[in-house]
Amino acid sequence: MTFALFKTRSPPVIYAVAPTSGEGRCRVVKATEPADGRKPRTSHIDAVDMRYVTQMMEQLQQGYIKSVAATAGLVAEIVSVDVYGYDLRLIRPPRHSMEEESALIAQLKCTTQIVPDQSRDYFSYQFTKRQYFDHLAKPRKYPKAILIVMTAPPRQAEWTEVTHDGLWTRRSCFWVSLENKQVDPSVQKPTVHIPTKNRVDAKSLSEILDKVDRGESLND
């Protein structure tokens, strides 16, 4: 069995406009825009095979989440049929045989359009469909749900790099809880703010599940 070390590197900061194409869990970039609001200069994603780049983005994010979950001692289960508004279940086994396991569900989104600016409190993400937001915003008793957004470079060849130190993955995943968030009903593609402090790693996943076990809000 081969084990790989997943790390992330921070690229130069850029900003991007709302998506112009792409549906489903992952979005394919069609244009990026400089921070000063000028017209887009790039118009494509540099993919190994453009026909399957969306599926590859999904696979990249799933690999990231599974690796981080394994580090935290969690089981990551991919939901193959997305009819409930989530793509992944995270389960923490009970510490004792008579205790219940902890669980969390997540909707996964991957985009090549965003490079979060760590000097800012949050970055913006726009859903391509209203229903994706609604599934996350509705009140839930248990399990709780979060949105996990991964930002990937537009050039597919830069997604990972293997060195003697391990396997590097570009870039990071970030999470947010949208439970009870309100958006005007007329908005078909809601935009949400994702805190840059909410990077998905083993520590953050464990802390989220600790809050779930204590019955605390994930919005705090």
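From a predicted model like this one, the values you see are computed outputs, not experimental measurements.
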Can you check salt bridge (charged side-chain N to carboxylate O under 4.0 Å, His left out) on Glu207 and Lys203, steps first, answer last? CA-CA 6 Å; Glu207 289 176 346; Lys203 183 175 183 290; 2.5 Å; yes
Asp213 vs Arg92, test: salt bridge (charged side-chain N to carboxylate O under 4.0 Å, His left out). Steps then yes/no. CA-CA 11 Å; Asp213 285 347; Arg92 181 166 62 186; 2.8 Å; yes
Step by step, would you call Val192 with Phe127 a side-chain contact (heavy atoms from CB on, under 4.5 Å)? CA-CA 8 Å; Val192 297; Phe127 289 95; 3.8 Å; yes
Go through the steps for Arg199 and Asp201 under the test salt bridge (charged side-chain N to carboxylate O under 4.0 Å, His left out), then give the verdict. CA-CA 6 Å; Arg199 195 185 301 271; Asp201 56 20; over 6 Å; no
Apply side-chain contact (heavy atoms from CB on, under 4.5 Å) to the pair Thr112 and Thr151, showing each step before the final yes or no. CA-CA 6 Å; Thr112 58; Thr151 64; over 6 Å; no
Begin from the C-alpha positions of Glu77 and Arg89 and carry the test salt bridge (charged side-chain N to carboxylate O under 4.0 Å, His left out) through to its verdict. CA-CA 5 Å; Glu77 295 183 344; Arg89 276 190 297 264; 3.2 Å; yes
What do the steps show when you test Val212 against Asp210 for side-chain contact (heavy atoms from CB on, under 4.5 Å), and what is the final call? CA-CA 5 Å; Val212 170; Asp210 287 343; over 6 Å; no
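Between Ala72 and Ala202, the shortest heavy-atom distance links the atoms CB-O, 3.7 Å. Closest approach of Pro153 to Glu158, counting heavy atoms only: CB-OE1, 3.9 Å. The minimum heavy-atom distance between Met57 and Cys110, with the atom names listed, is CE-O, 3.5 Å. Taking every heavy atom of both residues into account, Val53 and Gln156 meet most closely at CG2-OE1, 4.2 Å. Minimum heavy-atom separation, Leu136 to Ile146: CD2-O, 3.6 Å. Shown here for Arg171 and Pro154, the closest heavy-atom pair between the two residues is NH2-CD, 4.2 Å.
Under the 3.5 Å distance criterion, the side-chain polar atoms of Asn198 are matched with a main-chain donor or acceptor of Trp175. In this structure, Glu161 contributes its side chain and Leu167 its backbone to no donor-acceptor pair below 3.5 Å. Although no hydrogens or angles enter the test, the distance criterion places a donor-acceptor pair under 3.5 Å between the side chain of Gln107 and the main chain of Gly85. When atom types are taken as modelled, the side chain of Glu101 and the backbone of Pro94 share no donor-acceptor pair closer than 3.5 angstrom. With hydrogens and angles ignored, the 3.5 Å screen pairs no side-chain donor or acceptor of Asp87 with any backbone N or O of Val79. A donor-acceptor pair under 3.5 Å links the side-chain atoms of Gln61 to the main chain of Ile148, judged by distance alone. Checking side-chain atoms of Arg140 against main-chain N and O of His135 turns up a donor-acceptor pair under 3.5 Å. With hydrogens and angles disregarded, a donor-acceptor distance shorter than 3.5 Å links the side chain of Tyr142 to the backbone of Ala103. With Gln126 contributing its side chain and Lys189 its backbone, the two residues share a donor-acceptor pair below 3.5 Å. Looking only at distances, no side-chain donor or acceptor of Tyr86 sits under 3.5 Å from a matching main-chain atom of Leu104.
The distance from the OG atom of Ser102 to the CZ atom of Arg214 is 11.0 Å, given to the nearest 0.5 Å. In this structure, OG in Ser124 is found 8.5 Å from CD1 in Ile194, a value given to the nearest 0.5 Å. Atom CD1 in Ile208 sits 8.5 Å away from atom CG in Leu90 (nearest 0.5 Å). The CD atom of Gln59 lies 7.5 Å from the CD atom of Gln62; values are rounded to the nearest 0.5 Å. Taken from CZ in Arg120 to OG1 in Thr196, the straight-line distance is 10.5 Å, to the nearest 0.5 Å. Atom-to-atom distance recorded for Glu58:CD and Met150:CE is 12.5 Å, nearest 0.5 angstrom.
Residues Ser177 and Lys144 are not in side-chain contact: their nearest non-hydrogen atoms beyond the backbone lie 4.5 Å or more apart. Proximity of Lys109 to Tyr132: side-chain heavy atoms (C-beta onward) are separated by under 4.5 Å at one or more points.
Cluster annotation: Tyr122 is not connected to Val115 through the hydrophobic network of ILVMFWY side chains, with a link wherever side-chain heavy atoms come within less than 4.5 Å. Placement of Ile45 and Met56 within a single hydrophobic cluster is found when ILVMFWY residues are connected by side-chain heavy-atom separations under 4.5 Å, directly or transitively. Side-chain heavy atoms closer than 4.5 Å link hydrophobic residues (I, L, V, M, F, W, Y) into clusters, and following such links, even through other members, never connects Leu108 to Ile91. The cluster map of Ile, Leu, Val, Met, Phe, Trp and Tyr, joined by side-chain heavy atoms under 4.5 Å apart, puts Val75 and Leu205 in different clusters.
Shown here is Glu99, whose CD atom has more than 12 heavy atoms of other residues, nucleotides or ligands within 6.0 Å. Heavy atoms from other residues, nucleotides or ligands lying under 6.0 Å from CG of Asp121 number 12 at most.
A salt bridge does not link Lys138 with Asp134: every distance from a Lys NZ or Arg NE/NH1/NH2 to an Asp or Glu carboxylate oxygen is 4.0 Å or more.
Put simply, the residue from Leu60, Leu88, Ile78 that forms a side-chain contact (heavy atoms from CB on, under 4.5 Å) with Ile65 is Leu88.
Not less than 6.0 angstrom separates the ring centroid of Phe123 from the ring centroid of Tyr125.
Looking only at atom types and distance, the side chain of Trp168 has a donor-acceptor partner in the side chain of Thr163 under 3.5 Å away.
For the pair Lys181 and Phe133, the cation does not sit on the ring face, since its NZ or CZ is not both under 6.0 Å from the ring centre and inside 45° of the axis.
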